[in-house]
Amino acid sequence: MATQRMAWIGLGHMGTPMALNLIKAGYELSVYNRTDEKLKPLIDAGAKPYRSVPEICQDSDLLFVMLSDDTAVSVVFDQLLSIDIRGKLFINMSTISPDLSIKLSDMVLDKKGKYLEAPVSGSVKPAQDGTLIILAGGKDEDYDIAIPYFEKLGKLSLLLGEVGQGTKAKLAINYYMSVVVEGLAETVLFAEKNGIDRETMMFITNESACGSPMSKMKTPSILQENYPAAFPLKHMMKDIGLAQGQGLNTDTSKAISTVYKKAMDMNLGDEDLMAVIKALK
Ligand code: NAP
């Protein structure tokens with residue numbers, strides 16, 4: 001499959017390091033992003049830039065899509081589907097609603113194209129390190145085509161069933177993350193209120209059975225009270241909403257949703273999800 005003409009659409013926090021990893025692995029890549037400035041690191045690494053979705057689609061056989069949400073993915077797929085897509089494989093790595101993913105798959109198949117969903121677990125650092133977890137849904141034969149690329153992007157990929165199943169698994173693991181981060185924020189604030197400083201509390205947490213890669217990764221930002229986006233809070237808000245749309249209806253999920261919504265109302269959407277601590281303070 002090395003002769004396939006490959007494209008990457010969407011060069012945000014995740015798309016940029018993921019696309020760069022494919023280039024580092026030796027693949028030739030065409031790239032598109034709505035905002036031109038984000039093309040630069042990819043052009044510097046040797047990618048061929050496009051400024052039109054139909055044109056990059058026309059010139060490619062295998063297209064990765066990594067966009068923010070249902071709206072962005074719908075807008076871009078409208079343009080992708082405006083041309084003849086026979087035989088082209090679309091690997092959609094964005095986190096979107098399972099219903100939209102199934103609808104897109106049907107539309108692509110109607111036009112004799114191929115569709116695999118492959119949302120990822122892991123944020124910017126795993127994207128840079130090529131250690132994401134890729135949760136695919138779709139046909140075996142399309143997954144088989146994707147495997148060599150997934151091996152460059154992640155440490156693990158799983159085909160979980162038909163289109164929709166990968167996205168549902170992604171929403172479940174992200175919900176767990178939303179609870180863990182919110183719980184960590186509450187813990188730190190509770191301790192602080194009772195005279196235990198943040199540094200001490202994070203040391204205790206990280207040494208305890210509750211210490212995790214997540215608590216360790218968030219420790220510097222909690223101590224510095226600075227939350228540059230690795231996983232933007234607005235995307236977690238989106239994913240909680242998607243999970244609720246998929247039937248998540250527990251008391252905890254309702255409370256969590258209220259807290260993240262408050263953080264959004266405080267304009268923290270572009271900060272890391274750990275900034276939810278500011279909404280709790
Ligand atoms: P991001 O940095 O916000 O980038 C979003 C991308 O979507 C950009 O390329 C943006 O283009 C594009 N976009 C947004 N609206 C668009 C529209 N209407 N038309 C065309 N393009 C549009 O997002 P990200 O952090 O890379 O996340 C990408 C996806 O991965 C999301 O679904 C997110 O939930 C998921 N995810 C993220 C993380 C993480 O840690 N960040 C982890 C796992 C999964 P512009 O540059 O022009 O704005």
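Order of appearance sets the numbers: ligands from 1, and atoms from 1 within every ligand. Side chains are part of it too, since the values below use all heavy atoms of this structure and drop only hydrogens, waters and symmetry mates.
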| field | Working for side chain to side chain contact (heavy atoms under 4.5 Å, CB included), residues I9 and L80 | value | CA-CA 11 Å; I9 295 177; L80 291 168; 3.8 Å; yes
| From CA spacing to verdict: side chain to side chain donor-acceptor pair (under 3.5 Å), D272, S221 | CA-CA 9 Å; D272 189 68; S221 59; 5.4 Å; no
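Residue pairs meeting the side chain to side chain donor-acceptor pair (under 3.5 Å) criterion with at least one partner in residues 129-148, sequence neighbours excluded, are K125-D129, Y143-S157.
The environment of CD in E192 is crowded: more than 12 heavy-atom neighbours from other residues, nucleotides or ligands sit within 6.0 Å.
For D84, the salt bridge (Lys or Arg N to Asp or Glu O under 4.0 Å) test picks out R86, with sequence neighbours left out.
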Taking only distance into account, with no hydrogens and no angle test, what donor-acceptor pairs under 3.5 Å do side-chain atoms of residues 102-111 form with protein atoms, sequence neighbours excluded?
residue, atom, partner, partner atom, Å
K111, NZ, L81, O, 2.6
K111, NZ, I83, O, 2.9

Kindly print each ligand 1 N/O atom paired with any protein N/O atom under 3.5 angstrom away, one pair per line, or none if nothing qualifies.
residue, atom, partner, partner atom, Å
ligand 1, 2 (O), H13, N, 2.8
ligand 1, 2 (O), H13, ND1, 2.7
ligand 1, 3 (O), H235, NE2, 3.1
ligand 1, 7 (O), S68, N, 3.2
ligand 1, 9 (O), L11, N, 3.2
ligand 1, 9 (O), N33, OD1, 2.6
ligand 1, 18 (N), R34, NH1, 3.3
ligand 1, 23 (O), H235, NE2, 3.1
ligand 1, 26 (O), H13, N, 3.1
ligand 1, 26 (O), M14, N, 2.8
ligand 1, 32 (O), L67, O, 3.1
ligand 1, 32 (O), S68, O, 2.8
ligand 1, 32 (O), T95, N, 3.0
ligand 1, 32 (O), K238, NZ, 3.2
ligand 1, 34 (O), K238, NZ, 2.8
ligand 1, 40 (O), A230, O, 3.1
ligand 1, 41 (N), A230, O, 3.0
ligand 1, 46 (O), N33, ND2, 2.9
ligand 1, 46 (O), K38, NZ, 2.6
ligand 1, 47 (O), R34, NE, 3.0
ligand 1, 47 (O), T35, N, 3.0
ligand 1, 47 (O), T35, OG1, 2.2
ligand 1, 48 (O), R34, NH2, 2.9

